[in-house]
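Reviewing the structure listed below.
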Amino acid sequence: MYLVSHPDEVKVISFRFGQGAEQIDKYIELGGYEQARRAIDMGPEAIINEVKASNLRGRGGAGFPTGLKWSFVPKGMDRPKYILVNGDESEPGTCKDRPICEYDPHSIIEGTIIAGLAVGAKQGFIYMRGEYRYLLDIMDKCIADAYAKGFLGKNIFGIEGLDFDCMSHSGAGAYEVGEESALMESLEGKRGVPRIRPPFPAVVGLYGGPTVINNVETIASVPHVLRLGGAEYAKIGTDRNGGTRLFGISGHVEKPGVYELPMGYSLRKAIYEVAGGIKGGKKLKAVVPGGSSTPVLKADEIDVGMDFDQLAKAGTMLGSAGIVVLDETVSIVEFALRTIKFYQHESCGWCIPCREGTDWLKKTITRVYQGNGVSKDLDNIKYLAENMMGRTFCPLGDAAAMPTIGFITKFRDEFEAFLSENPPTPGLVLQQAPNLVQLAAH
Amino acid sequence: MSTPTTIFSAELAARLDRLVTLYPVKRSALIPMLLYAQDEIGYCSDAVVAEAAVRVGITELDVRNVLSYYSMLRQKPLGKFHIQVCTNISCMLRGGYEILEHCQHKLGVHENKGVTPDGLFSVEEVECIGACCWAPAVQVNYDYVEDVTPASMDAAIDKYRQLARPQ
Amino acid sequence: MAEVKTVNLTVDGKQITTPAGTLLIDACKSVGIEIPAFCYYPGLSLQGACRMCVVRVEKMPKLQTACTTPVAEGMIVTTESEEIAQSRKGILELLLGNHPLDCPVCDAGGQCELQDMTFKYGASGSNYVETKNHKEEQQWSPVVFFDRPRCILCYRCVRVCGEGMDVWALGVQNRGSSSVIAPNGGDHLDCEECGACIDICPVGALTSGAYRYKTRPWEMNHTATICTHCGDGCKTTLGTRQDNAGSEIVRGDNRDKSGINGDFLCIKGRYSFDFANREDRLTQPLVRQANGKLEPTTWEVAIEHVGKRLREVRQTRGGKAIGVIGSNRTTNEENYLLQKFARMVLQTNNIDHHRTADYPALLAALGGAANKAASLRDFEKAPAMLVLGNDPTEQHPALAWNIRTNVRTNRSRLYLANHADIKLRRQAKAAIEIPAHGYGALIRYLAGQESEFVPNDTATKFREALLAEPELVIAFGSEFRGRDLETLVAWALTLPNCKVAALGDYVNSRGAADMGVLPDFLPGYAPAAEGAGFADEYGAPLPTEPGMNLVQMMDAAGRGELGALYVVGSNPVSRYGVEPAVLANTFVVVQDMFLTETALLADVVLPAANLYEKSGTVTNTYGDIQLVKKASDTSGVRTDFEMIVRIADKMGARAQSMVPFGKGLRADLGQSRGAQSGEADRHAVWLAANNYEPKLSPFDPFATFDEIQRLVPSYAISRFELFSGADKAMRTDLVQIANFPADRADLVLPANDTLFTSGTLGRYSKVLHEVMESRETSPAETAAD
C-alpha cells in the first residue's frame with residue numbers, strides 16, 4: 001500500500017496519514033486524544049447532537065445517520081453496552097479502511113472512546129477481517145500504548161470512575177460478517193449468520209446488550225467531527241451528506257488509490273482528474289461507483305455528484321465509495337460473472353433465495369459466457385435477480401441482485417453476443433472454471 | 001485456567017489461555033483461536049478442533065460448524081507459504097487471473113488450493129483482499145504483495161523459497 | 001395474572017383480535033388462514049430462512065416474513081396475492097432446481113411439504129439445464145439416513161434435536177450453496193436416536209432405517225394408539241400394511257400431535273414396534289408332552305388342557321394353591337378381567353404383577369384429595385417443577401421433553417434432587433446432590449421434620465425457594481415408597497397448588513395397580529378384605545384373606561405349595577431370577593409373544609397378541625387414561641382378554657358373568673330379576689341409564705370397560721373424550737383407602753430401563769439391539785453430554 005494525493009482532496013480523516021501517527025506520541029502531537037478528553041466534558045447528549053449536526057452517515061455502505069443510530073441506544077440500562085467497530089472491510093473494490101488502520105489507527109480508538117461516552121458503553125471491540133493480520137498487530141500495539149497512557153482502562157484520562165476498555169478481534173474470512181448482526185454473531189464465536197430484526201442491535205446486540213456498530217471510517221471520522229464542530233463538518237459535504245469520504249479508485253485508471261474527497265464530488269472529475277484518467281488513454285466503458293454491489297453506470301452516466309442521495313437518484317449507490325473503472329476492453333459478461341461468483345461464494349447460505357439464487361445466477365451466467373447459453377437465459381438472469389431483490393434475509397441478496405440487474409439491463413447486447421453463432425472468446429475467468437463449478441460440490 | 005494437555009507450543013497455549021478470559025463469554029475466543037492454532041499447526045486438524053472445543057466449552061460439532069464457515073480456516077494442510085491470488089473485480093481488471101495462472105504454471109499446481117510436492121507452496125484463488133487500489137494483489141500467508149507482475153511474483157516466490165531454506 | 005394486552009389487525013379483510021406479541025403467522029392460523037412455511041415450526045426458535053411465509057403488510061416497503069413479524073395494532077395484511085404467489089413460486093423454483101425429483105421412490109412422496117407447495121404455487125417449468133448435484137445417501141445411525149440433495153435447509157432437524165431434545169447432535173456446516181446438515185460424530189450420529197429429526201423433516205432428506213423404501217404412505221392404514229413401552233404412555237401413530245400373516249406395522253411416528261406427548265416420541269415409541277414382526281414369535285399354542293418337550297397343538301386342545309388342570313388344582317387344593325401373575329403391558333380391561341378371573345373363578349387373591357412404583361401408597365396418601373395428582377400435561381405448563389430421584393431423560397423421556405419445553409418456552413423453574421448427575425440438571429434452576437439412600441432423609445428435611453439430612457447452604461436455599469413457589473408439580477421416582485412416599489405426599493398437600501406424580505415403569509403399571517392386579521387390593525384400591533361389594537356384583541363369593549405377593553408365590557412354589565401358576569404377559573423367572581427348579585412341581589401356564597425364560601418352564605404356552613394388536617385402555621404412571629386402538633394383526637395369536645375368557649369358560653364359568661356382553665335381561669330396574677341375573681341386570685340398567693348399547697361379543701374388551709366404569713368410581717371419566725382420542729386423568733378424589741396398613745410391603749422393583757432397553761420386550765426389538773451395538777462399536781464422542 002502507498003499513499004497518493006491530489007490537490008482537490010480535503011484532508012480531514014487522512015490529514016495525519018504518512019506522518020507517523022501510528023506512534024502514540026506523534027498522534028498526540030497532532031492533536032490526538034484531545035477530542036476524547038473534550039467529549040468527557042461535553043457529556044452524552046452534546047456529543048450525539050454534535051454528530052447529528054455533522055450529517056455524518058455510515059461509511060460502511062448503508063449511509064445511516066450516525067448520530068441517529070447512537071440515539072437509539074436506551075439510556076440507563078442495566079445490561080452492559082458495547083461499541084463494535086466494523087473492520088471487516090470485504091466489499092470488492094473497497095480498500096479505504098486499510099489506510100486508516102495503518103496510518104492513523106489511534107483515531108479509531110479515539111472514536112471508539114467517544115462513541116462509548118456518547119451511549120454509556122464501557123467496552124469497545126475492533127473487529128478486523130482475518131486477512132488484515134498486520135493491521136491487527138498494529139492495532140494491538142496502539143491499544144496497548146493507549147492503555148499505557150491511561151486513555152483506556154480504569155479511570156481514563158485520570159477521571160475517577162470513568163472506565164473504558166477496548167480490544168481487537170480477528171475474523172477468519174467471510175464477507176457476510178460485514179453485515180452488522182452477522183458481525184455480532186461472529187464476535188460471539190458463531191457462524192456469521194445474520195440475526196432476525198427486531199430487536200435491533202441498539203437495543204439487543206452483542207451478548208444481549210445494547211450495541212453500536214460503526215464502520216472503521218465512520219468511527220475514525222468522529223474525532224474530526226468534534227474537532228471541526230458538527231456544523232463545520234457538515235459544510236464540507238452536501239445537503240444531508242456531511243464531510244468527506246475516502247474514495248478508493250481502482251481498475252483502469254492511471255493513478256489508482258485512496259483519495260479523500262468531499263461528499264458530492266463529481267464522479268467524472270474523480271476519474272479523469274483525481275485518478276488521472278483512463279489507463280493507457282483508452283475509452284471508458286463503465287463505472288461501478290461504490291463497491292461491487294452497486295449497479296453499474298455507463299460511460300455517459302458519470303456526471304453525478306458522489307453522495308448517498310445523488311447516486312441513489314442516478315439509480316445506483318454510493319455504498320463503500322469503492323469506484324471501479326472499466327475501460328472499453330472489458331467484457332461486461334465476464335465482469336458480471338466475476339461479480340456474481342463472489343456473492344455466490346460469500347452467501348452465508350441461511351436463506352433460500354440468496355443461497356440458491358446466487359448459485360443459479362452464477363451457473364447461468366457461466367453457461368452464457370461459455371457460449372452454451374440459450375435465449376431464455378437472459379430473461380431468466382433478470383428474473384432470478386428480481387426474485388431475490390428485497391426477499392432475502394439480509395442485504396447480501398440485494399447486493400448480488402442489484403449489480404446483476406444493472407449489467408443485464410444496461411449491457412444486454414454484450415450478453416446477446418454470447419448467444420450468437422460466433423460468440424466472443426471467453427477470458428481467463430473461465431479457465432479457472434473448474435473452480436467455479438467445483439464450489440457448488442464442495 | 002490452563003488446559004492440562006495441549007498440542008500447542010507453550011507460547012501459543014499461554015496466549016489462548018488468556019484469550020478466553022478477555023471476552024464476556026469464552027466462546028468469543030473461538031474464531032481467533034482457530035486462526036492462531038492454524039498458524040502454528042498448519043491447519044485446523046482434528047486435534048485442534050478437540051482442544052478448541054475444550055478451551056471454549058462447546059462441542060466439537062459446534063467447532064466444526066463454525067470452522068467450516070470461514071474461508072480462511074482450513075481442515076487440510078496447505079503449503080508452508082500459501083499464495084492467495086485475488087482475482088476479484090479490481091484485480092481482475094489489472095491482470096489478477098494472469099498472475100494466478102502464472103503462479104500455478106510456475107509452481108506446477110493446477111487445481112485450486114493445490115500444494116507443491118515439497119509442501120512449500122500452495123496456490124489459491126481468493127476473493128477481494130482489500131488491495132483494490134494496488135491491484136493486482138497477492139497475499140502470501142499474511143504478507144501483501146501488491147501491484148504484482150509476473151516478474152515481481154517470481155521474485156516473491158524466490159524470496160519465500162530462500163526463507164524456507166535452512167540457514 | 002396480569003391481563004393480556006390484545007391487538008386488532010386486519011388479515012385478508014378479516015378482523016383479528018389477538019394477544020400482543022403473537023407472531024403474524026400464528027395469528028393468521030388462529031382464524032384459519034394458513035401461511036406456508038418450511039423453516040417455521042411452532043415452539044422452536046425463529047429462522048426467517050425459507051422466505052415462504054412472506055406477506056404484504058401495508059406501509060412496509062418489502063414483503064415481510066409472517067414468522068418473524070409480531071402483530072401490531074391496526075396492521076393491514078394481505079396473505080395471498082399475485083406478488084406473494086410469485087415470490088413463493090420463485091423460492092420453489094430455486095429449490096426444485098437442485099432437488100432430485102425422485103419423488104416416486106422417496107419415502108416422503110405423498111406427504112412432502114415441498115410437493116404440496118409446488119402443487120399449490122406451481123413451479124413446474126425449469127429454467128435450468130445443468131446437471132443436479134448428486135451426493136450418495138449416508139447412514140448416520142441404525143435409524144437415521146440422510147439424503148443430502150433432498151435437503152432444503154430449513155434447520156428444523158437441527159433445532160428439534162438441540163432445542164427440543166437438548167442433544168445438539170446436528171449442525172450446519174460449510175456455507176452458501178455448500179451448506180449442509182452434519183451429524184456430531186463426523187460421519188455418524190451420537191444421540192438419543194429419537195428420530196424427531198426425521199419426523200420434522202418437511203421433505204425426504206432424513207429418512208428412517210425402519211421404514212425407508214418399505215411402502216408408500218397412501219398404502220398404509222394409520223392408527224393412533226399408545227406406545228407399549230415406558231410409563232409415560234405416548235401416543236404413537238402406527239402405519240400398517242397387509243401382509244401374509246395379518247397386517248404388519250411398518251412405521252411409527254407422532255403425526256397425531258393431539259397426543260399427550262405433543263411433538264415428542266422416543267426411539268421406542270417410534271421404532272420399537274418391530275418385536276411384533278419377529279420370525280420367532282409364537283403363533284401356535286404349545287403344550288408340554290410326556291417326553292418333556294413343548295409341542296405345538298391346537299387352541300382347543302391347549303385351552304381345554306389349561307381349564308382342566310386349573311379346575312383340578314382348584315378342586316383338590318383350593319384357590320390358595322393357585323397363583324396369578326399379571327402384566328404391566330396389558331390393557332386395563334385385561335387386567336380387570338384377570339383379577340376377576342382369579343378371584344371369582346380361581347377363588348384366589350394370589351395375584352400380583354411386577355410392581356415398579358408404590359401406587360397404593362400414593363393413593364392412600366392422597367386420601368381422596370382432588371386435583372392433587374399431576375398429569376403428564378401438567379409438566380408442560382407448571383411454573384415450577386420438582387423432580388426427586390429417577391432419571392426422566394432415560395426412563396420417562398416424554399416427561400423430560402415436557403420439562404425441557406416448559407423451561408425453554410415458559411421459563412419454568414426446575415428443582416432437582418438426585419444422587420446422580422442426571423442430564424436434566426442442565427435445565428435445573430437449582431439442584432442438590434444427595435446420597436443414593438438419602439431420599440427419605442431429604443424428604444423429611446424438606447417437609448420440616450426431624451431428619452438426618454445435614455443441609456448445606458445450597459440445600460437451605462433449595463428448600464426456601466421451593467416453599468416460596470406459589471404453584472408446584474412434583475415427580476418422584478421409585479426411590480419413594482411406603483412411609484417416605486407418604487411423607488412426601490403429605491408435605492405436598494401442605495404446599496399451595498401442588499400436584500404429585502409417581503414415576504413407574506411400563507405402559508400400564510399404573511393400570512395393573514388401579515385394576516387390582518394386587519394380592520391385597522381389588523379394582524379401585526378396594527381392600528381385598530372388604531370385597532363384599534364386588535362379590536355382590538360378581539354374583540360369587542370372593543376370597544377375603546389377602547393373597548400372596550409375587551415373591552411369596554415363588555417361595556410357595558419352591559415349597560411345593562403352589563399347584564398352578566398362571567402368568568399373563570410377564571417374565572418373572574428372568575426379572576426375579578427364579579431358579580427353574582422352583583417351578584418344577586407347579587402347573588405353569590404362560591401367555592406371551594415369545595418363548596421367554598418363564599415360558600420355557602411352562603406346561604402350556606399360549607401365543608399372545610401385543611398391545612398394538614388389541615383394543616382397550618391403558619393408564620400411564622400419572623393416571624392419565626388413554627384409548628388403545630388395534631393397529632395390526634398377527635395370525636395365530638389371541639388377545640389375553642380372549643384367552644382369559646376362554647379359559648374361564650373351560651373352567652365352567654358362565655361367559656356372561658365374566659364379561660357383561662349381550663342384551664341380558666331387560667332393564668326393568670331389577671324388579672323381576674332372577675336369582676342368577678343380578679349382575680347382568682344391574683349392568684343393563686347402568687347401560688340404559690348412560691345411553692350405551694350392550695356389547696355383542698364376549699371378547700369385546702369395551703364390555704369390560706363398561707363394567708370398570710360402573711364399578712370403579714375413579715374411572716368414571718368422559719367416554720366421549722376418551723374415545724375421541726383425548727387423555728383423561730383418573731379421578732383420584734374418588735379413591736378412598738381406609739385403614740391402609742402402615743407396614744404394607746411395597747415390593748417395588750424398578751425396571752431401571754434406559755432409552756434403549758424395555759424389559760424383556762426390549763430384548764426382542766431389533767432396532768434397540770442395533771442401536772446399542774452401534775454405540776458400542778463407535779465410542780461416543782459426546783462432548784455435549
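Quick note on labels: first sequence line is chain A, next is B, and so on, each numbered from 1.
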field: Heavy-atom pair with the smallest gap, counting every atom of B/L107 and B/I83
entry: CD1-CD1, 3.7 Å

task: Using side-chain hydrogen bond (donor to acceptor under 3.5 Å, both in side chains) as the criterion, point out the one residue from B/K113, B/Q139, B/E124 that pairs with B/H82.
output: B/E124

message: If I measure from the heavy atoms of chain B, does A/R98 come under 4.5 Å with its side chain, its backbone, both, or neither?
response: side chain

- line: So, the part of A/Q123 with a heavy atom under 4.5 Å from chain B: the answer is neither

- prompt: So, A/Y369 versus A/S331: side-chain donor-acceptor pair below 3.5 Å or not?
  reply: no

- request: Kindly indicate whether the side chain of A/V330, heavy atoms from C-beta on, has any atom under 4.5 Å from the side chain of A/H252.
  value: yes

- prompt: A/A172, A/P80, A/A174: which one forms the most heavy-atom pairs within less than 4.5 Å of chain B?
  reply: A/A172

Chain A contact via B/V56 - which portion, at a heavy-atom distance below 4.5 Å: neither

message: So which residue, A/K279, A/E334, A/R133, A/E188, ends up with the most heavy-atom pairs under 4.5 Å with chain B?
response: A/R133

query: Where on A/V325 is there a heavy atom nearer than 4.5 Å to chain B: the side chain, the backbone, both, or neither?
result: backbone

query: Any side-chain heavy atom of A/E176 within less than 4.5 Å of one from B/Y69?
result: yes

query: Does some side-chain heavy atom of B/E125 sit less than 4.5 Å from a side-chain heavy atom of B/Y97?
result: yes

message: Counting only non-hydrogen atoms closer than 4.5 Å, does B/D147 touch chain A with its backbone (N, CA, C, O), its side chain (CB onward), both, or neither?
response: side chain

message: As a test of understanding, state which of A/E91, A/E89, A/R129, A/H345 forms a side-chain hydrogen bond (donor to acceptor under 3.5 Å, both in side chains) with A/Y175.
response: A/E91

- request: Kindly assign one of parallel, tilted or perpendicular to the pair A/F17 and A/Y103, based on the angle between their ring planes and the thresholds 30° and 60°.
  value: tilted

message: Pair B/F121, B/Y160 - check ring pair (Phe, Tyr, Trp, His ring centres under 6.0 Å), show working.
response: CA-CA 9 Å; B/F121 293 100; B/Y160 287 105; 7.2 Å; no

message: Between B/L22, B/L93, B/L30, who has the most heavy-atom pairs with chain A when the cutoff is under 4.5 Å?
response: B/L93

statement: Whatever's closer than 4.5 Å to a heavy atom in chain B on A/M1 counts as both

field: Contact leader toward chain A among B/V25, B/D62, B/N88, B/L34, where contacts are heavy-atom pairs under 4.5 Å
entry: B/N88

query: So what's closer than 4.5 Å to chain B heavy atoms on A/I249: side chain, backbone, both or neither?
result: backbone

- prompt: Checking heavy atoms, do the side chain of A/V324, its backbone, both or neither come under 4.5 Å from chain B?
  reply: side chain

message: Is any side-chain heavy atom of A/L326 closer than 4.5 Å to one of A/I332?
response: yes

message: At a 4.5 Å cut-off on heavy atoms, which part of A/F247 comes close to chain B: side chain, backbone, both, or neither?
response: neither

field: Interface moiety of B/E98 toward chain A, non-hydrogen atoms closer than 4.5 Å
entry: both

query: Any side-chain heavy-atom pair from A/V288 and A/T294 closer than 4.5 angstrom?
result: yes

- prompt: Got B/V48 and B/Y43 here, is their nearest side-chain heavy-atom distance under 4.5 Å?
  reply: no

query: For A/S186, is it the side chain, the backbone, both or neither that has a heavy atom under 4.5 Å from a heavy atom of chain B?
result: both

- line: If one checks every heavy atom of A/K255 against chain B at 4.5 Å, the contacting part turns out to be neither

- prompt: So do the side chains of A/K341 and A/I365 get within less than 4.5 Å of each other, counting heavy atoms only?
  reply: no

query: Given a strict heavy-atom distance threshold of 4.5 Å, which part of A/Y2 is in contact with chain B: side chain, backbone, both, or neither?
result: both

- prompt: Can you find a side-chain donor-acceptor pair between A/E9 and A/S14 that sits under 3.5 Å?
  reply: no

- line: Ranked by heavy-atom pairs below 4.5 Å to chain B, first place among A/L187, A/D327, A/V4 goes to A/L187

query: Side chain, backbone, both or neither: which part of A/Y134 has a heavy atom under 4.5 Å from chain B?
result: side chain

- line: chain A shares the most heavy-atom pairs under 4.5 Å, among B/L73, B/L35, B/T87, with B/T87

field: Top contributor to chain A contacts, counting heavy-atom pairs under 4.5 Å, from B/C91, B/C86, B/P24
entry: B/P24

A/L136, part contacting chain B, at a heavy-atom distance under 4.5 Å: side chain

statement: Correct closest heavy-atom pair for A/P92 and B/I89 would be CB-CG1, 3.9 Å

message: Need one label for A/T94: side chain, backbone, both or neither, based on atoms under 4.5 Å from any heavy atom in chain B.
response: backbone

- line: Bottom line for B/A131: the part with an atom under 4.5 Å from chain A's heavy atoms is both

task: Would you mind checking which part of A/F342 comes under 4.5 Å of any heavy atom in chain B, side chain (CB onward), backbone (N, CA, C, O), both or neither?
output: both

